[in-house]
Amino acid sequence: MFMRKCLCLFSTLTIASMALANDGPGLGVEATDAQVAAWDISIAPDGEGLPAGSGTAAQGEAIYAIRCSACHGKAGSGTPNNRLVGGHGTLNGPAPVKTIGSYWPYATTVFDYIRRAMPYPFSASLTDEEVYAVTAYLLFLNEIIKEDDVMDARTLPQVQMPNRDNFVLAYPRNPDN
Amino acid sequence: MIESKSKNAAPETVAGNGLLHRRIFLTRGAALLGAGSLGLLTPTLAVAQVAPEMPVLAKVPGAALSGYGNRSVFEEGIKRYNIRTYPGTTGSGGSWTPLESLEGIITPSALHFERHHSGIPDINPDVHRLLIHGLVDRPLIFSMDALSRYPMVSRIQFIECSGNSRVGTAPKPVQMTAGGLHGLFSCSEWTGVPLSILLEEAGVDPKAGWLLAEGADSAAMARSVPMAKAMDDALIALYQNGERLRPSNGYPMRLFLPGYEGNMSVKWLRRIKVTSGPTMTRDETAEYTDTRPDGSSLMFTFPMEVKSVITAPSFGRNLQGAGLYEISGMAWSGAGKIARVDVSVDGGQTWGQAALSEPVLSKAVTRFRVAWQWNGGPAVIMSRAVDDSGAVQPNRAQFLAARGLKRNYHYNAIQSWKVAANGEVSNVYA
């Protein structure tokens with residue numbers, strides 16, 4: 001009996017000292033799965049986080065014309081804001097033209113960015129289907145996928161971006177220093 | 001007797017063209033004070049020094065007390081400038097800190113540089129929450145009230161946009177003030193909760209190598225951060241220079257990553273997702289990557305490297321006749337403390353060491369000063385910082401030879417100012 005009490009006290013002390021080691025009052029409130037699902041909008045390069053739905057370039061063309069072209073020009077040609085199409089083969093010249101097609105290493109980033117930040121000034125106003133479609137359209141304009149290729153959670157991460165292998169990781173060590 | 005001895009003592013020069021020993025302003029002992037009364041050390045200032053007939057003294061009561069102070073109306077011309085926004089937007093762009101108008105090491109919060117990707121959100125702290133989830137034992141939500149009960153730390157540290165000073169790659173030197181050229185850079189006292197405490201509370205999975213930090217602005221600005229940095233010195237910053245963060249600096253909370261490129265210190269922080277690898281957001285792939293001469297690009301160039309700029313004299317702060325001047329400037333490094341700053345007033349032919357004003361803090365602005373007896377002839381002045389890792393600030397030719405012209409980020413070459421015989425200061429490549 002005495003022994004059990006001792007063990008109890010010991011384990012209580014252990015837990016207390018572990019909490020102290022954390023240095024915080026432990027006031028975080030555990031989030032539910034539903035809360036996390038509602039907040040979590042990011043897409044990993046392996047496709048983790050991509051939602052249900054799908055789209056093609058043909059569907060995306062009409063959405064782009066209405067929601068995107070005022071800033072990014074006809075068919076992603078740019079002006080007044082970022083050019084999204086073309087520039088292939090310019091990176092090793094004196095004036096690189098960096099677009100989704102010539103520069104971006106991951107197709108998942110196109111979906112992630114459009115969904116979180118576009119179209120200005122009404123971000124997050126496109127449905128997931130529309131984001132898939134516009135993503136497909138921009139990849140098609142850059143001659144990376146075919147016009148009738150369906151982009152969805154399975155196919156988008158498989159798209160090979162032309163400049164993918166042209167990046168060198170500088171973390172943890174910068175090879176230029 | 002002592003006085004007449006001092007009259008004959010020339011101030012000690014340490015480099016060509018009149019650069020004086022760094023102690024000349026610091027050890028104002030009897031000998032130097034004596035020398036200071038001489039023509040040699042007295043600046044022949046053309047500034048307004050004429051004494052009025054009567055002393056200036058208010059004869060009527062002054063302004064009332066106020067709940068929140070303002071600066072003098074005579075200082076209202078000092079503002080952030082070069083405010084640039086993307087076409088069709090109002091809040092997406094940047095504004096630059098007027099470095100040449102500041103002294104010491106702290107940037108007033110109202111003059112802290114800005115770089116926003118979709119404007120400044122108006123966030124009610126009572127409803128704002130931070131979610132930490134992903135590869136953790138327990139996903140946790142923190143309110144502002146909860147965070148306010150955590151132990152906090154305060155640090156004086158700089159934040160610099162990695163695109164700062166990129167104008168230095170222009171073919172011809174652009175004529176702008178020190179702040180216009182280098183003012184995507186500010187230094188504040190930041191107070192907040194170490195991120196490591198919150199991550200430990202959530203219980204980080206051993207497989208976790210990175211985290212994604214995401215803002216509550218309408219661009220949901222997001223960057224991946226190595227777990228090692230998060231556990232080292234990352235802060236959930238709640239206060240800036242003693243008061244709650246300014247909205248333009250992430251109110252009510254921002255991530256603060258000392259020494260790392262500013263874009264990663266995500267403002268209006270709402271979510272941290274612990275991940276195995278980087279998320280590859282737009283800002284860390286399409287932007288904030290460094291294209292090399294061969295067309296390949298470096299990704300994850302996080303630390304801001306050793307750098308300095310002379311703010312007095314500088315473009316717009318012209319000299320007013322030959323005489324004694326203090327050269328003053330800022331030096332900083334994302335790697336640690338500033339170990340030394342050398343100054344040249346002959347275009348880099350000879351260098352003398354500047355005095356470092358206390359405090360000299362890690363990943364903070366260090367103010368440096370050195371005395372210069374300007375003879376009234378043309379001069380090119382420059383500063384070269386060295387940090388305590390041994391890294392030396394390169395000159396422009398060295399920087400371009402090593403890294404090429406295609407980089408938009410991490411330009412840290414030496415700034416050169418030309419002083420013309422009439423005292424006018426201009427930006428030059430030297």
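Throughout, a chain's letter reflects where its sequence line sits, starting with A, and its residues are numbered from 1.
Of the listed residues (A/T32, A/T90, A/V36), the one with the most heavy-atom contacts under 4.5 Å to chain B is A/V36. Your options are B/V193, B/T275, B/T89, and the one with the most heavy-atom pairs under 4.5 Å with chain A is B/T89. The most heavy-atom pairs under 4.5 Å with chain B, out of A/E30, A/Q35, A/K98, come from A/E30. Of the residues considered (A/N81, A/L169, A/N174, A/T79), A/N81 shows the highest number of contacts with chain B, using heavy-atom pairs under 4.5 Å. Chosen from A/D165, A/I100, A/V110, A/L91, the residue pairing most often with chain B at heavy-atom distances under 4.5 Å is A/L91.
Counting heavy-atom neighbours within 6.0 Å of A/E143 CD, excluding the residue itself, gives a total of 12 or less. Around OH of A/Y171, the count of heavy atoms belonging to other residues, nucleotides or ligands within 6.0 Å exceeds 12.
Among the residues in residues 206-227 of chain B, those with a non-hydrogen atom closer than 4.5 angstrom to a non-hydrogen atom of chain A are B/W210, B/L212, B/E214, B/S218, B/A219, B/A220, B/A222, B/P226.
The distance from the CZ atom of B/R282 to the OG1 atom of A/T109 is 10.5 Å, given to the nearest 0.5 Å.
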Stepwise side chain to side chain contact (heavy atoms under 4.5 Å, CB included) test for B/I197 and A/D23 | CA-CA 7 Å; B/I197 295 178; A/D23 280 343; 4.1 Å; yes
Please report the C-alpha distance between A/Y120 and B/S92 in whole Å, then the side-chain angles of each, then the deciding distance to 0.1 Å, and finally whether the side chain to side chain contact (heavy atoms under 4.5 Å, CB included) criterion is met.
-> CA-CA 10 Å; A/Y120 189 92; B/S92 302; 3.8 Å; yes
Would you please test B/K273 and A/W39 for side chain to side chain contact (heavy atoms under 4.5 Å, CB included) and show each step?
-> CA-CA 10 Å; B/K273 182 177 186 178; A/W39 285 52; over 6 Å; no
Residue pair A/L27, B/R149: steps toward the side chain to side chain contact (heavy atoms under 4.5 Å, CB included) verdict = CA-CA 8 Å; A/L27 298 175; B/R149 280 187 48 195; 3.7 Å; yes
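At a threshold of 4.5 Å between non-hydrogen side-chain atoms, the residues A/N177 and B/E305 count as touching. Contact of the B/M299 side chain with the A/V168 side chain is not registered, since no non-hydrogen atoms from C-beta on lie closer than 4.5 Å. At least one side-chain heavy atom of B/T289 sits under 4.5 Å from a side-chain heavy atom of A/F167.
Of the atoms belonging to A/N82, it is side-chain heavy atoms, and not backbone ones, that fall under 4.5 Å from chain B. For A/I41, the parts sitting under 4.5 Å from any heavy atom of chain B are the backbone and the side chain alike. Heavy atoms of A/P121 lying under 4.5 Å from chain B are absent altogether. Contacts between A/P172 and chain B at a heavy-atom distance below 4.5 Å are absent for every atom of the residue. For B/P303, no part lies under 4.5 angstrom from a heavy atom of chain A.
Nearest heavy atom pair, residue B/T301 against residue A/A170, reads CG2-CB, 3.6 Å. Residues A/W104 and B/A286 approach most closely at NE1-CB, 3.1 Å, considering heavy atoms. Of all the heavy atoms in A/G93 and B/K406, the pair that sits closest is O-NZ, 2.9 Å.
Side-chain contact check for B/R271 and A/S42: at least one donor-acceptor pair (N or O, by modelled atom type) lies under 3.5 Å. Inspection of the B/S297 and A/Y103 side chains reveals an N or O donor paired with an N or O acceptor under 3.5 Å. Side chains of B/R292 and A/N166: no donor on one and acceptor on the other come within 3.5 Å.
In this structure, A/D176 does not pair ionically with B/R403, as no charged nitrogen and carboxylate oxygen lie closer than 4.0 Å.
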